[in-house]
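The structure appears below as structure tokens.
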Protein chains: 2
Amino acid sequence: MEKADRMAHQDDSISLLKQKGLNPTPHRVMVLGILGNSPSPLSPQEIFATLQRFHPMNRVTLYRILEVLVAHGLVERIQSGDKAYRYGLNAQSPHAEHPHFYCSHCGGIQCVHAEGIHVQVEDIQKTFPGLIQKMEIRLDGICKNCLRNHKQKKTGNA
Amino acid sequence: MEKADRMAHQDDSISLLKQKGLNPTPHRVMVLGILGNSPSPLSPQEIFATLQRFHPMNRVTLYRILEVLVAHGLVERIQSGDKAYRYGLNAQSPHAEHPHFYCSHCGGIQCVHAEGIHVQVEDIQKTFPGLIQKMEIRLDGICKNCLRNHKQKKTGNA
DNA sequence: ACCTTTATGCAATTCAGTTGCATTATGGTG
DNA sequence: CACCATAATGCAACTGAATTGCATAAAGGT
Ligand SMILES: [Mn+2]
Ligand SMILES: [Mn+2]
Ligand SMILES: [Zn+2]
Ligand SMILES: [Zn+2]
């Protein structure tokens, strides 16, 4: 991401934060900007690495910012196939939920927008005695890139 | 679980292990027995606590046993809403997959067998460029018990 | 300016899980 | 049985992600 692009999105992040009554500190704006600019959810590590390039920040501060963003519904935290959470901009509209694909080879995450998934949480709620607040669907496997690399190795290509 | 009950299921565990060509060691039999006797997936901590009562075992050994059971398809490892995995007997029949409910208050896990969920992984696979090997659906919320306890507190009951 | 609240930094800690290596069982062979 | 190879277990140390406690700095209101 170029600096100009980041600047272009900066105002969006600021107004998002203000909407939620959150102080739009430079750190928060940066984190929100990085998430808003990514096509797929990111791990704290990935966010931290990006930050280091142009806006160094303490590790703990990042965790705390993510925490507050999630608490205020700006950011969604999902679980991947490994031990690190992934964070992405929250799709505002309810029911815009979608599955995420986790590549067990490279650890990458991808959003999956597909037909073939119809989950009526309301129907489940009718018979389930607890209170359902959220749903997560995760697909595990090998991503396109890793599949290709694997094939290359087999056929002896460098 | 009473000792007699455990004995009753011991043979099942042994034959399961043998079917997979695994040495039915006492430790493995115990772990498989505990999982087979639980209505819902358990965390390594929970399994370990149960083990301690009548069959002490090193922590690492438990992890390694779970690993080998998962690798051979006897046990399923799922992710919960927290940072510990949960392990349960694998439902042999394909497509017997079902969602799991995670209570964010007590950390308990429940299997959810419900209509209202129709996920055609095959359909997704048609358009998704990677290889999909597994799917996990998790519902997060507050379980029946925690809801009740919460209400009791509000109404001032001891 | 003064004080209170909020945000950030830093060090230490927790927690689940993993790794390396020593030790103990198990199993097969002659 | 003695011998050796392999598999299983135990123990200690380590890792990686996240959290906690407390100190410092910034922001905001009066
Ligand atoms: Mn997504
Ligand atoms: Mn289940
Ligand atoms: Zn991959
Ligand atoms: Zn609960």
Side-chain angles (χ1 to χ4, degrees), chain A residues 13-14 17-18 20-34 41-52 54-72 74-87 102 104 106-109, chain B residues 13-14 17-18 20-34 41-52 54-72 74-87 102 104 106-109:
Chain A
S13 299
I14 292 178
L17 287 164
K18 283 183 179 169
K20 296 292 183 176
L22 292 173
N23 209 331
T25 69
H27 281 174
R28 286 174 177 170
V29 173
M30 284 308 306
V31 172
L32 208 46
I34 290 172
L42 301 173
S43 67
Q45 298 266 20
E46 292 168 319
I47 301 168
F48 192 64
T50 304
L51 281 170
Q52 290 296 61
F54 51 85
H55 190 114
M57 171 188 316
N58 187 276
R59 212 168 51 86
V60 178
T61 303
L62 171 58
Y63 279 116
R64 286 198 276 235
I65 287 176
L66 290 172
E67 187 182 25
V68 75
L69 294 181
V70 169
H72 286 77
L74 287 177
V75 163
E76 179 192 37
R77 182 180 83 168
I78 64 171
Q79 272 187 329
S80 62
D82 56 40
K83 285 178 291 182
Y85 293 110
R86 306 294 149 101
Y87 297 84
Y102 171 76
S104 59
C106 68
I109 295 267
Chain B
S13 299
I14 293 177
L17 287 164
K18 283 184 179 171
K20 296 291 182 176
L22 292 172
N23 209 331
T25 69
H27 282 173
R28 288 175 176 169
V29 173
M30 285 307 306
V31 172
L32 209 45
I34 290 172
L42 301 173
S43 67
Q45 298 264 20
E46 291 169 319
I47 302 168
F48 193 65
T50 304
L51 282 170
Q52 290 297 62
F54 50 85
H55 190 116
M57 170 187 318
N58 187 275
R59 210 168 55 87
V60 178
T61 303
L62 172 58
Y63 280 116
R64 287 200 273 236
I65 286 176
L66 290 172
E67 186 182 27
V68 74
L69 294 181
V70 169
H72 285 77
L74 287 177
V75 164
E76 179 193 36
R77 182 180 82 168
I78 64 172
Q79 271 186 329
S80 62
D82 56 40
K83 285 177 293 182
Y85 294 110
R86 305 295 149 100
Y87 297 85
Y102 171 77
S104 59
C106 68
I109 295 267

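Worth knowing before you read on, the calculation uses all heavy atoms, side chains too, and leaves out hydrogens, waters and symmetry mates. Lettering of chains follows the sequences in order, A, B, ..., and the numbering in each one begins at 1. Quantities reported herein were computed from a predicted structural model and do not represent experimental measurements.
The distance from the CD1 atom of B:I34 to the CZ atom of B:F48 is 11.0 Å, given to the nearest 0.5 Å. Rounding to the nearest 0.5 Å places CG of A:L22 at 12.0 Å from OG of A:S13. Distance check: B:I109 CD1 to B:Q79 CD gives 10.5 Å after rounding to the nearest 0.5 Å.
Taking atom CD of B:E67 as the reference point, atom C1' of D:dT9 lies 14 Å away to the nearest angstrom. Rounded to whole angstrom, the span from the CG atom of A:L17 across to the P atom of D:dA27 amounts to 15 Å. Regarding B:L66, its CG atom lies at a distance of 12 Å from the P atom of D:dT9, rounded to whole Å. With rounding to whole Å, A:K18 atom NZ is found 14 Å from D:dA27 atom P.
When side chains are defined from C-beta on, B:L32 does not count as touching B:I65, because their heavy atoms never get closer than 4.5 Å. Using a 4.5 Å heavy-atom cutoff, the side chains of B:L66 and B:I47 are in contact.
Residues of residues 78-87 of chain A that place a heavy atom closer than 4.0 Å to DNA chain C, in numerical order, are A:K83.
Side-chain nitrogen and oxygen atoms of B:Q45 include at least one within less than 4.0 Å of the OP1 or OP2 phosphate oxygen of C:dA16. Dashed line: the shortest gap from a side-chain N or O of B:Y63 to OP1 or OP2 of C:dG17 is under 4.0 Å.
With respect to B:L17, the side chain to side chain contact (heavy atoms under 4.5 Å, CB included) criterion is satisfied by exactly one of B:V29, B:N23, B:T25, B:V68: B:V29.
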Under a 4.0 Å heavy-atom criterion, the protein footprint on nucleotides 6-13 of chain C, written with B, S and -, is -SBBBBB-

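Applying the ring pair (Phe, Tyr, Trp, His ring centres under 6.0 Å) criterion to A:H55, with sequence neighbours excluded, gives A:H27.
Minimum interatomic distance between A:Y102 and A:S80 (heavy atoms only, all atoms of both residues): CD1-CB, 3.8 Å.
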